[in-house]
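Contents: one structure, followed by commentary.
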Amino acid sequence: MKKYLAKLVAGIMVSSVVLTGCQGDAKPAAGDTIKIGVFEPLTGANAAGGQLEYDGIKIAQRLYPEVNGKKIELVVADNKSDKVEAANAASNLVDKEKVSAVLGSYGSGNAIAGGDKFKAAGIPAMGTSCSNPQVTAGNEFYFRVCFIDPFQGTVMANYATGKLGAKKAAIFREVSNDYSVGLAKYFADEFKKITGDPNAIVTELEYKTGDQDFSAQLTNLKNAQVDVVFAPGNYTESALINKQARELGITVPFLGGDTWETPQFIETGAQGVEGAVFASAFDEEHPITEESKKFIEEYKKEYPNKSISGLTALGYDSYLIVYRAIEKAGSSDPAAIQKALLETKDFQGATGVINFDSNRDAVKDAVLKQVKEGKFNYLDTIKPLNN
């Protein structure tokens, strides 16, 4: 009897394995699903920016949940606003999750840290707001939907000289942030070129991510004779710099980059950030395409009382442009998706019409915004340099 029971149990176990194997062959885990990785900082110093971009990605997925008869699954990997963690998150998406493409990241340093992994695996990645040129340089698998820092720096230098009449400037950079260091350089180079003065940058001040007290740097700034301050960096530290500068009686205009467009910038800086001007990718009062209108309508359904950040629009576009590439490729194969992305032309996104240059960088407009009465207000739209 015992031998009979043992054989019966063994037979059931074998049958179970066989059935499980047959079910797997009939419907593979990835057969009806395409995995797209979300590579964003959802915790840490950059969390607010990463969440804004993720919001846009989720809105796009709700509007476009299936492609070529397959559902799209978002696989989220929090890169935790840290370069080491970003490399680990990238490895997880590639090695464990076997994603077909990746979206992100907020923070150029995070994107650069994950880029080698995506390149080695041949997985196309679509950058959101990571605007440092090094993100895509030498990496044929990294693309981006945002403009890059040489253009952004030029836009802000032209605003400083043309609109503000500035002849002397100060740089205030976050030295632990690739984005801040790179953008500050592009602004400085263009500012000196426009003014024709190699000494137009009077002082260059530095701080590190996480710093809270900027009194020493601001004391030096107060003693410098400048017409404008360019201070690109993370939204929290930038807001504190603006706020503490005003408290010290520094009244010169402060200019920054697209990272400033988060609610936390205004919440932290309060009256201190009034008048601050920065570059953005989008303005909800000035939709450019039909897709812009579609995105705005869908966003307002979920967040009726919130203004739309350019970061959220970029997240939306990152998903949609990869979606279109998968649709065109007729495949979830990463190589086929990359090929389709390379062939992208006149993509109609929420942030406007996007074409890629030879470095896979988006050629597109920039929007200028200013903080006024506690809100981000539209100033102007600036065309790409080659237009």
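Just the heavy atoms: all of them, side chains too, but no hydrogens, waters or symmetry mates, feed the values below. The first residue of the sequence shown is numbered 1, and numbering continues consecutively from there.
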Review point. Under 3.5 Å, is there a donor-acceptor pair between the Thr136 and Asn359 side chains?
Key: no

Check your understanding: Do Ser309 and Thr312 have side-chain atoms, one donor and one acceptor, less than 3.5 Å apart?
Key -> no

Check your understanding: Salt bridge between Lys339 and Glu343, side-chain N to carboxylate O under 4.0 Å?
Key -> yes

Practice item. Compare all side-chain heavy atoms of Glu204 with those of Ile201 and state whether any distance is below 4.5 angstrom. Key: yes

Review point. Excluding sequence neighbours, so at least two apart, what forms side-chain hydrogen bond (donor to acceptor under 3.5 Å, both in side chains) with Glu267?
Key: none

Check your understanding: Between Phe282 and Phe295, is the gap from one ring center to the other below 6.0 Å?
Key -> yes

Exercise for review: Would you please indicate yes or no on a ring centroid separation below 6.0 angstrom for Trp260 and Tyr235?
Suggested key: no

Point to revise | Distance-only polar pair, side chains of Asn234 and Asn177, donor-acceptor under 3.5 Å | key: no

Check your understanding: Does Lys58 count as lying over the ring of Tyr54, i.e. NZ or CZ under 6.0 Å from the six-ring centre, within 45 degrees of the axis?
Key -> yes

Exercise for review: With salt bridge (charged side-chain N to carboxylate O under 4.0 Å, His left out) as the test, would you mind laying out the steps for Asp178 and Lys83 before giving the verdict?
Suggested key: CA-CA 11 Å; Asp178 294 326; Lys83 294 178 183 179; 3.2 Å; yes

**Study point:** Pairwise distance CG(Leu248) to OG1(Thr219) - rounded to 0.5 angstrom
**Key:** 6.0 Å

Point to revise | Residue pair Thr351 / Val145, side-chain heavy-atom distance below 4.5 Å | key: no

Point to revise | salt_bridge(Arg360, Glu140) N-O dist < 4.0 Å | key: no

Exercise for review: Could you verify whether a donor N or O on one side chain and an acceptor N or O on the other, from Gln217 and Asn220, lie under 3.5 Å apart?
Suggested key: no

**Study point:** Heavy-atom side-chain contact between Asp55 and Glu302 under 4.5 Å
**Key:** no

Point to revise | Thr43 and Asp78 side chains, donor-acceptor separation under 3.5 Å | key: yes

**Study point:** Any donor-acceptor N or O pair under 3.5 Å, side chains Asp213, Ser215
**Key:** yes

Practice item. Say whether, by atom type as modelled, one donor and one acceptor occur between the side chain of Asn139 and the main chain of Val135 under 3.5 angstrom. Key: no

Review point. Can a donor-acceptor pair be found between the side chains of Glu53 and Ser129 at a distance below 3.5 Å?
Key: yes

Practice item. Taking the side chain as every heavy atom from C-beta outward, state whether Lys208 and Val175 have any atom pair closer than 4.5 Å. Key: yes

Study note, to complete from the structure: With sequence neighbours left out, the residues meeting side chain to side chain contact (heavy atoms under 4.5 Å, CB included) with Leu103 are Ile36, Ile57, Met126, Ser318, Tyr319, Val322

Exercise for review: Could you tell me whether a side-chain N or O of Ser108 sits under 3.5 Å from a main-chain N or O of Tyr179, the two making a donor and an acceptor?
Suggested key: no

Check your understanding: Given the rule in the salt bridge (charged side-chain N to carboxylate O under 4.0 Å, His left out) test, do Asp197 and Lys168 qualify, once you have shown the distances and angles that lead to the verdict?
Key -> CA-CA 9 Å; Asp197 180 4; Lys168 298 289 184 179; 2.7 Å; yes

Review point. Are side-chain heavy atoms of Val229 and Leu255 found at a separation under 4.5 Å?
Key: no

Check your understanding: Side chain of Thr289, backbone of Gly349: donor and acceptor closer than 3.5 Å?
Key -> yes

**Study point:** Sidechain-backbone polar pair: Asp149 side chain, Gln152 backbone, donor-acceptor under 3.5 Å
**Key:** no

Check your understanding: In terms of side-chain geometry, is the basic nitrogen of Lys117 or Asp95 positioned less than 4.0 Å from the acidic oxygen of its partner?
Key -> yes

**Study point:** Shortest non-hydrogen contact between Ile326 and Ile337, atoms and distance
**Key:** CG1-CD1, 3.7 Å

Check your understanding: Going by heavy atoms in the side chains, are Ile72 and Glu66 under 4.5 Å from each other?
Key -> no

Practice item. Assess the pair Tyr207 and Phe172: is the distance between their ring centroids shorter than 6.0 Å? Key: yes

Review point. How about Phe118 and Phe39: are their ring centres within less than 6.0 Å of each other?
Key: yes

Check your understanding: Quick one: do the Thr209 and Glu174 side chains pair a donor with an acceptor below 3.5 Å?
Key -> yes

Check your understanding: Within a strict 4.5 Å, meaning less than it, do heavy atoms of the Leu320 and Glu291 side chains meet?
Key -> yes

Review point. Quick one: are Phe230 and Phe254 in side-chain contact, heavy atoms under 4.5 Å?
Key: no

Practice item. Verify, without hydrogens or angle tests, whether Ser280 (side chain) and Asp258 (backbone) share a donor-acceptor contact under 3.5 angstrom. Key: no

**Study point:** Ring center gap for Phe347 and Phe356 short of 6.0 angstrom
**Key:** no

Review point. Any side-chain donor paired with an acceptor under 3.5 Å for Glu284 and Tyr299?
Key: no

Review point. Is the side chain of Ser180 donor-acceptor paired with the backbone N or O of Ser176 at a distance under 3.5 Å, no angle test?
Key: no

